[in-house]
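Okay, so here's the structure we're looking at.
Start at 1 and go down the list; that is how both ligands and their atoms are numbered. Nothing here was measured: the structure is a model prediction, and the numbers come from that model.
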Amino acid sequence: MNINTGLLSFIASSPSAFHTVKTVTDTLTAHGYTELLEADAWELVPGGKYYVTRNLSSVIAFTIPQSQSVNGFMIGAAHTDSPSFKIKEYAESESAGYTRINVERYGGMLCASWFDRPLSAAGKVTVLEDNRVCSRLVDLDRDLFLIPSVAIHMNRKANDGATYNPASDMQPILGSSAVKGNFRKLLAEVVNTSEDAILGSDLFLYPRDHGTVWGIENEFVSAPRLDDLQCAFSLLQGFLAANNDTALPVLFLADNEEVGSTTKQGAASTFLSDVLTRLSDTLGLSASDYRRAIARSFMVSADNAHAVHPNHAELADPQHRPRMNGGIVIKHNAAQRYTTDAVSSAVFTALCRKAEIPVQHYTNRADMAGGSTLGNIANTQVSLNTVDIGLPQLAMHSCYETAGVKDTAYLIDAMKAFFSSSLNEREAGTYELKL
Ligand code: ZN
């Protein structure tokens with residue numbers, strides 16, 4: 001399949017973090033991966049392929065080398081969630097003859113992009129069946145809501161720097177006041193249960209727009225949730241194409257990056273260390289073998305990066321100006337909000353050089369604070385050499401973002417090479433990368 005078609009279909013089938021994990025695990029299953037439950041005992045066999053989910057919104061996949069000797073872990077990490085609006089428990093309210101859906105912000109979205117376009121909702125509901133609480137994925141999958149902007153005639157300052165109050169400006173319309181109560185009814189219908197049986201929900205709005213490839217040479221791709229599904233897709237493809245009989249490739253896709261990662265399934269959780277220590281135990285590694293393996297491990301933390309904006313080039317550092325289709329961006333920050341340092345930048349650059357993949361470097365303007373991402377947060381639980389990278393994009397956290405078509409292929413190829421490689425520390429500060 002064409003890479004862009006594959007990316008856009010991955011995004012379309014992943015309207016929420018839960019659906020991202022479903023899309024990923026369906027693909028892993030089709031490639032011979034077996035699901036493990038955290039609550040079960042594990043039996044792992046040489047050459048075996050496995051995945052574990054937590055909260056149905058984070059997933060870790062790994063492949064046991066045939067030789068069963070584990071030099072180290074080659075970990076690729078990205079996030080499954082995107083900024084959105086979460087639907088509250090009492091979901092409906094009336095205003096001026098309309099029924100609105102009560103929402104609150106999830107993450108730091110560009111509010112303006114959410115106005116005047118059809119929206120739907122997707123996520124997870126929990127249903128009581130006898131004495132079981134069962135999780136069901138839900139995608140309402142229709143043009144259902146809309147957040148109307150205020151007409152220019154009623155807000156003459158609308159083009160002079162608007163501010164948006166999430167409680168008053170960002171509440172979507174569901175229908176007339178006569179339909180109040182019907183949302184829960186619709187939810188029960190879609191889940192095929194009674195309204196009374198629905199005991200909980202994690203439902204998020206998503207825009208109904210389809211992704212598209214555009215530009216005079218079809219060089220750009222725009223779609224919802226490119227941050228971070230472009231990286232999640234590329235890591236998955238590279239992971240599936242890799243072959244490694246020395247190190248153990250690990251794919252880690254984590255939820256809740258957009259709200260700080262400090263949840264049971266986020267990058268700040270014990271999920272990664274739990275899975276790595278358990279699989280080490282199962283393979284018969286001692287506690288010190290495990291720590292030696294961590295010292296010979298490496299993480300690529302992949303989360304999209306800012307391309308220089310043609311209308312606001314002054315916002316980029318004068319010397320560090322990633323452009324779309326210019327290659328993978330290595331992110332640097334002196335305060336280590338990005339984990340990249342001299343060693344991890346060099347290891348990743350050497351890998352890309354060998355695979356003939358272009359890289360670019362990003363740092364914020366010295367007078368601007370940047371965003372944060374997964375790498376340094378995951379390192380508080382599993383500490384290892386880590387590089388923060390991303391694909392250059394515009395309009396980050398708009399509900400319709402833009403990136404370069406070539407960069408997805410660059411990251412797939414880089415991650416295939418990475419997941420097939422291994423690393424050894426030969427002396428303090430000297431690392432040998434085997435490709
Ligand atoms: Zn991101």
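Remark: of the listed residues D40, T53, L28, T53 is the sole one forming a side-chain contact (heavy atoms from CB on, under 4.5 Å) with E35.
One of the N, O or S atoms belonging to D227 lies under 2.8 Å away from the Zn ion (ligand 1). Using a cut-off of 2.8 Å, one finds that E257 contributes no N/O/S atom close to the Zn ion (ligand 1). For a distance bound of 2.8 Å, the N, O or S atoms of C231 include none lying that close to the Zn ion (ligand 1).
The shortest distance between side-chain heavy atoms of V359 and V329 does not fall below 4.5 Å.
Of the possible polar contacts, none joining the S398 side chain to the L110 backbone as a donor-acceptor pair under 3.5 Å is found.
Under the rule for a side-chain contact (heavy atoms from CB on, under 4.5 Å), the partners of R278 that lie at least two apart in sequence or sit in another chain are E38, W42.
The atom of D303 nearest to the Zn ion (ligand 1) is OD1, with the search restricted to N, O or S atoms.
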